[in-house]
Amino acid sequence: MRHCIYPGTFDPITCGHLDVLERAAKLFDKVTVAVAESAGKGPLFTPQQRVDMIRPNLAHLPHVGVTTFSGLLVEFCMAHQADAIIRGLRALSDFEFEFNMALMNRHLEPKLETLFVMPNEQFSYTSSTLVKQVARYGGNVAHFVPPNVAEALRTAFAK
Ligand code: COA
C-alpha cells in the first residue's frame, strides 16, 4: 500500500491545494494531509480550524485523511510509514524553495522521496496570503477557495 503525505500550513486550504490533493489521490492508495502548526507563520486560523476546514472537502476521497503535525516533517512521515511527500509546483518561482526543502528532507531521511505535481494553471497565482488579503478587504475569493473556507474567512474578518 503506497502512502503519501501532503504537508503544508493550509492557512487556509485553497482550490490550488485541493487540485494537488486530487492528483495525489489518483497516484496513492492512501494520502494524509498534514497541517503544520507553523506558529512562525502567524496563521490566522488555529491548527484545528484548518483541519476542520479541510475535512468536508475530502468527503469524496475516502482514502484521504487529515491531521496536524509539529516538529520535523520527515519524522512525522516515518512515524506514519509514508513512502513519499507530495508537493505542488505552481510556477518556476516555487522551484528553488521546494528544491532545497526536498534535498534537506532527503538528507534527513534518505528513504523518503518527494514528488512534485503541477496544479491546474488557473491556480498558478493563488496563495493563502493573497486570498486572506483579498478577503480582509471584502473582495470575492470564491474562485480560489471552497465555499466553507470563503465563509470562514468572512467570519474571521467580520470581527
Ligand atoms: N495552490 C495554491 N497555493 C499553494 C499551493 C497550491 N497548489 N501550493 C502552495 N501554495 C501556497 C500556500 O498557500 C502558501 O502560501 P502562503 O505562504 O501565502 O501562506 C505557500 O504557497 C507555501 O505554502 P505551503 O505549500 O503550505 O508550504 P508551507 O511553506 O506553508 O509549508 C512545510 C512548508 C510546513 C511543509 C515545511 O515548512 C515543513 O515541513 N515544516 C516542518 C518542519 C520541517 O521539517 N522543516 C524542515 C523542512 S526541510
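Both ligands and their constituent atoms are indexed starting at 1 by order of listing. Index from 1, following the sequence. Just so it is clear, the values below take in all heavy atoms, side chains as well, and ignore hydrogens, waters and symmetry mates.
- With sequence neighbours left out, His60 forms a side-chain hydrogen bond (donor to acceptor under 3.5 Å, both in side chains) with Glu22.
- Checked against a 3.5 angstrom limit, the closest N/O atoms of Thr129 and ligand 1 fall inside it.
- If you number the atoms of ligand 1 from 1 as listed, the ones under 4.0 Å from a heavy atom of Ala36 come out as 34 (C).
- For ligand 1 and Gly8, the ligand atoms under 4.0 Å from any heavy atom of the residue are 26 (O), 31 (O).
- In summary, the atoms of ligand 1 found under 4.0 Å from a heavy atom of Thr14, numbered by their order in the structure, are 1 (N), 2 (C), 3 (N).
- Of the N or O atoms in Asn105, none lie within a sub-3.5 Å distance of an N or O in ligand 1.
- When distances from atom 2 (C) of ligand 1 to the protein are checked, a heavy atom turns up under 4.0 Å.
- Less than 4.0 angstrom separates some heavy atom of Pro119 from each of these atoms of ligand 1: 7 (N).
- Residue Leu73 has at least one heavy-atom neighbour below 4.0 Å for each of these atoms of ligand 1: 39 (O), 43 (C), 44 (O).
- At a heavy-atom distance under 4.0 Å, only side-chain atoms of Val20, from C-beta outward, approach ligand 1.
- Taking hydrophobic clusters as Ile, Leu, Val, Met, Phe, Trp and Tyr residues chained together by side-chain heavy-atom distances below 4.5 Å, Val134 shares a cluster with Phe144.
- Counting heavy-atom neighbours within 6.0 Å of Met118 CE, excluding the residue itself, gives a total of 12 or less.
- The contact set between ligand 1 and Arg87, taken as ligand atoms under 4.0 Å from a residue heavy atom, comprises 24 (P), 25 (O), 27 (O), 35 (C).
- Every N/O-N/O distance between Tyr6 and ligand 1 stays at or above 3.5 Å.
- The closest non-hydrogen atom to atom 41 (C) of ligand 1, taken over Pro12, Pro43, Gly71, Gly16, comes from Gly71.
- A chain of hydrophobic side-chain contacts below 4.5 Å, direct or via other Ile, Leu, Val, Met, Phe, Trp or Tyr residues, connects Val35 to Leu44.
- Of the options Met104, Arg90, Lys132, the smallest heavy-atom separation from atom 11 (C) of ligand 1 is shown by Arg90.
- There is no protein heavy atom less than 4.0 angstrom from atom 32 (C) of ligand 1.
- Take Gln48 and apply the side-chain hydrogen bond (donor to acceptor under 3.5 Å, both in side chains) test, not counting sequence neighbours, and it matches Asp52.
- For ligand 1, the atoms sitting less than 4.0 Å from at least one non-hydrogen atom of Leu72 are 43 (C), 44 (O), numbered in the order shown with element in parentheses.
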